[in-house]
Visitor: 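Sending over a structure as structure tokens; questions will come in a sec.
Remember, predicted model here, so these are calculated numbers, not experimental data. All values below were derived from every heavy atom in this structure, side-chain atoms included, with hydrogens, water molecules and symmetry-related copies excluded.
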Amino acid sequence: MSLADPWVRDLGDVAVRLGVAVLVGGAIGLNRDLRGKPAGVRTHALVSLSSALVTLAGVLLGTGGPLDANPASRAIQGIITGIGFLGAGVILRPGGGRVRGLTTAATIWLAAGLGIASGAGYLATVVVATVLALIVLVGGGPVEQAFQRLFGRESRRNATPPPGTSA
């Protein structure tokens, strides 16, 4: 396979797909970083980039050209499995007690999904999903707090842990 082969993307297309993956992953990571969470800009950007790269490689390695979904689908399955382990590492940390890091784990999963879509060339989908994710991440907390005040429920962040657990 060479750059002259018709199903191999030109360098500009590859750069755009991988560049978009880095930018959107970094944008999600910036939100996490600004909130002091354990996975920030670099982690999310690299998860998105690596997912895009593996997806793009799966597309390019297809024996039947770019429409052969078998190698790409196997690559995507591998990404999703691996990201599950990374997300679990964010959630399950020493010290036990409360489960923490679910949103950060979800954003790592999202960064992988954005990378997969970017590597597959669905750039409009990537942009829309990123905008929606940032709306949820920035506006979700205040909306949760407003509903908790409205219904008189104490915030989970401020709730007293059950007896026998550590805070």
Visitor: For the pair T55 (side chain) and G119 (backbone), establish whether a donor and an acceptor sit closer than 3.5 Å, ignoring hydrogens and angles.
Guide: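 Flag not set: sc T55 to bb G119 has no pair under 3.5 Å.
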Visitor: Treating Ile, Leu, Val, Met, Phe, Trp and Tyr as nodes and any side-chain heavy-atom pair under 4.5 angstrom as an edge, say whether L114 and L123 lie in one connected cluster.
Guide: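 Yes, L114 and L123 fall within the same hydrophobic cluster.
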Visitor: Between T130 and V126, is there a donor-acceptor pair closer than 3.5 Å when you use the side chain of the first and the backbone of the second?
Guide: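 It does hold such a pair.
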Visitor: Once you round to the nearest 0.5 Å, how far does CG of L30 lie from CZ of R42?
Guide: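 L30 atom CG to R42 atom CZ measures 13.0 Å (nearest 0.5 Å).
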Visitor: Please report the C-alpha distance between L132 and V128 in whole Å, then the side-chain angles of each, then the deciding distance to 0.1 Å, and finally whether the side chain to side chain contact (heavy atoms under 4.5 Å, CB included) criterion is met.
Guide: CA-CA 6 Å; L132 291 173; V128 171; 4.0 Å; yes
Visitor: Please name the pair of heavy atoms, one in V24 and one in S48, separated by the smallest distance, quoted to 0.1 Å.
Guide: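 Answer, listing the atom of V24 first, then S48: CG2-OG, 4.1 Å.
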Visitor: When rounded to the nearest 0.5 angstrom, what distance separates OG1 in T107 from CG in L134?
Guide: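 CG of L134 is found 10.5 Å from OG1 of T107.
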Visitor: Verify, without hydrogens or angle tests, whether S50 (side chain) and V47 (backbone) share a donor-acceptor contact under 3.5 angstrom.
Guide: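 Indeed, once roles are kept as given, a pair shorter than 3.5 Å links the two residues.
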Visitor: Indicate, with yes or no, if V20 and I28 share a hydrophobic cluster defined by side-chain heavy-atom contacts under 4.5 Å among Ile, Leu, Val, Met, Phe, Trp and Tyr.
Guide: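 The answer is yes; both residues are in one hydrophobic cluster.
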Visitor: If you compare all heavy atoms of R32 against all heavy atoms of A39, which two are closest, and at what distance to 0.1 Å?
Guide: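 The answer is CB-O, 3.1 Å.
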Visitor: Do V54 and I83 sit in the same hydrophobic cluster, where Ile, Leu, Val, Met, Phe, Trp and Tyr count as joined when their side-chain heavy atoms come under 4.5 Å apart?
Guide: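 V54 and I83: one cluster.
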Visitor: Going through the distances and angles, do L137 and T103 end up as a side chain to side chain contact (heavy atoms under 4.5 Å, CB included)?
Guide: CA-CA 9 Å; L137 288 169; T103 302; 3.8 Å; yes
Visitor: Show your working on side chain to side chain donor-acceptor pair (under 3.5 Å) between R17 and S118 and close with a plain yes or no.
Guide: CA-CA 5 Å; R17 289 180 188 209; S118 184; over 6 Å; no
Visitor: Flag yes if L18 and V22 sit in one hydrophobic cluster, no otherwise; membership is Ile, Leu, Val, Met, Phe, Trp, Tyr, and two members link when side-chain heavy atoms are under 4.5 Å apart.
Guide: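 As far as the 4.5 Å side-chain criterion goes, V22 and L18 are connected within one cluster.
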Visitor: How close do D33 and G40 get, counting heavy atoms only, and between which atoms?
Guide: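 Scanning both residues, the minimum pair turns out to be CB-CA, 4.0 Å.
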Visitor: Following the transitive rule for hydrophobic clusters with a side-chain heavy-atom cut-off under 4.5 Å over Ile, Leu, Val, Met, Phe, Trp and Tyr, establish whether V136 and V143 coincide in one cluster.
Guide: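 Unlinked, V136 and V143 end up in two clusters.
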Visitor: For the pair I80 and W109, evaluate side chain to side chain contact (heavy atoms under 4.5 Å, CB included) and give the outcome as yes or no after the intermediate values.
Guide: CA-CA 8 Å; I80 297 303; W109 190 276; 3.4 Å; yes
